[in-house]
Amino acid sequence: MRRTVLIVLSGVAVAGLLAFGLTKRLIDSEAGRGGRAPLTAGAGVTLQWSDRPVDLPALRLTDLDGRTITNDSLRGKVVLVNFWATWCGPCREEIPMLVGLQEYYRDWAVVLGVSIDERPADEVRAFAANLKVNYPIVMSSRALEAAFGGIPAVPSTFVVNPDGKMVQRHIGALPAARTEHEIRALAGLFTEATVETVPDSGQVFLSNAAFATTSPGIDMTGLPAAEKEALLKTLNTDRCTCGCGLTVAQCRINDPSCEVSLPLAQRLLESARRGAGATQQIGP
């Protein structure tokens with residue numbers, strides 16, 4: 001029995017060494033082709049792309065150094081559109097990591113910093129210079145934030161593939177390994193990370209909320225198909241009054257704890273149920 005166990009363990013060890021050797025050869029080969037060996041381990045990292053990628057909004061921006069940034073100037077590279085603020089602690093913490101990735105992957109990727117600060121641009125420029133930021137920074141606007149579906153919190157980062165399609169949105173500080181391997185996967189560089197495509201009905205991009213068949217906190221059980229379809233349409237057209245600027249459906253997905261959108265959605269649901277009841281009463 002002990003011998004069998006030893007044989008099995010030996011086989012596992014050999015397999016592990018072979019896998020390590022294969023990984024090392026792939027990394028060495030990557031570097032030999034003019035690529036880049038990863039800075040962090042990709043094994044155990046899971047990347048998720050939306051199954052409904054969204055076009056990067058039409059951009060014509062001027063960064064703090066006076067350079068013009070457009071969709072055409074970004075196309076062909078992985079883009080991280082990073083909404084941030086000088087007063088945001090997590091934003092400040094992730095900037096050195098973004099600086100490092102921008103330097104290391106400058107041939108494959110570009111970070112675009114979008115400051116939501118209301119302080120003068122010169123102060124934002126000085127702040128960025130102090131942190132040795134090496135990527136373009138533009139000042140945000142309500143129109144720009146609306147074009148990205150609203151920015152409920154910072155940092156918020158949109159991951160864009162080289163074809164100009166946004167495939168993921170992250171709210172909160174970016175983990176270094178996941179961020180690096182998102183760049184690598186989209187740039188076609190070697191990575192051991194697992195890549196998944198996930199159904200997106202607003203969880204990734206709020207613009208996909210129109211594809212949702214449910215809404216957080218709203219029980220549509222038993223609602224006839226026609227009334228449910230009409231309700232979903234209304235949820236995706238009526239605006240929430242909490243000040244978010246989103247539709248009721250988008251607000252429910254973006255902030256399920258919102259105390260304004262929930263009563264609004266519930267009233268719309270009750271109206272739909274009353275309509276369904278009236279239809280049943282006058283039917284044959």
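- Pairs passing the ring-ring contact (aromatic ring centres under 6.0 Å, His included) check and including a residue from residues 219-271, sequence neighbours excluded, do not occur.
- Panel note: side chain Asn161, backbone Asp163; a donor-acceptor pair is recorded below 3.5 Å.
- Judged as a ring-ring contact (aromatic ring centres under 6.0 Å, His included), and not counting sequence neighbours, the contacts of Phe127 are Trp84.
- Considering only heavy atoms from C-beta on, Ser271 stays 4.5 Å or farther from Arg267 through its side chain.
- In this structure, the side chains of Glu94 and Asn82 come closer than 4.5 Å at one or more pairs of heavy atoms.
- Placement of Ile171 and Val54 in two distinct hydrophobic clusters is found when ILVMFWY residues are connected by side-chain heavy-atom separations under 4.5 Å, directly or transitively.
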Could you pull out every donor-acceptor pair under 3.5 Å between side chains of residues 118-126 and any protein atom, sequence neighbours left out?
{"unit_1": "Arg119", "atom_1": "NE", "unit_2": "Glu123", "atom_2": "OE1", "d": "3.0"}
{"unit_1": "Arg119", "atom_1": "NH1", "unit_2": "Thr86", "atom_2": "OG1", "d": "2.7"}
{"unit_1": "Arg119", "atom_1": "NH2", "unit_2": "Glu123", "atom_2": "OE1", "d": "3.2"}
{"unit_1": "Asp122", "atom_1": "OD1", "unit_2": "Arg125", "atom_2": "NH1", "d": "2.5"}
{"unit_1": "Arg125", "atom_1": "NE", "unit_2": "Leu64", "atom_2": "O", "d": "3.0"}
{"unit_1": "Arg125", "atom_1": "NH2", "unit_2": "Leu64", "atom_2": "O", "d": "2.7"}

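- Using a 4.5 Å heavy-atom cutoff, the side chains of Leu131 and Val99 are not in contact.
- Counting heavy atoms from C-beta outward, Trp49 and Leu186 have side chains that approach closer than 4.5 Å.
- The salt bridge (Lys or Arg N to Asp or Glu O under 4.0 Å) test applied to Asp238 returns no partner, not counting sequence neighbours.
- No side-chain heavy atom of Thr179 sits less than 4.5 Å from a side-chain heavy atom of Thr157.
- Taking the side chain as every heavy atom from C-beta outward, Leu59 and Leu74 approach each other to under 4.5 Å.
- Between the side chains of Thr70 and Asp72, not a single donor N or O lies within less than 3.5 Å of an accepting N or O.
- The closest side-chain heavy-atom distance from Glu182 to His170 is below 4.5 Å.
- For the disulfide bond (SG atoms under 2.5 Å apart) test, residues two or more places apart in sequence or in another chain that qualify with Cys88 are Cys91.
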Apply side-chain contact (heavy atoms from CB on, under 4.5 Å) to residues Tyr105 and Leu189 and explain how you reach the verdict. CA-CA 11 Å; Tyr105 290 104; Leu189 299 171; 3.7 Å; yes
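- In this structure, Asp117 has no salt bridge (Lys or Arg N to Asp or Glu O under 4.0 Å) partners at least two apart in sequence or on a different chain.
- One distance of note links CG of Leu112 with CG of Leu98; it measures 11.5 Å at 0.5 Å rounding.
- Proximity of Leu101 to Val111: side-chain heavy atoms (C-beta onward) are nowhere separated by under 4.5 Å.
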Residue pair Thr68, Ser73: steps toward the side-chain contact (heavy atoms from CB on, under 4.5 Å) verdict: CA-CA 9 Å; Thr68 300; Ser73 68; over 6 Å; no
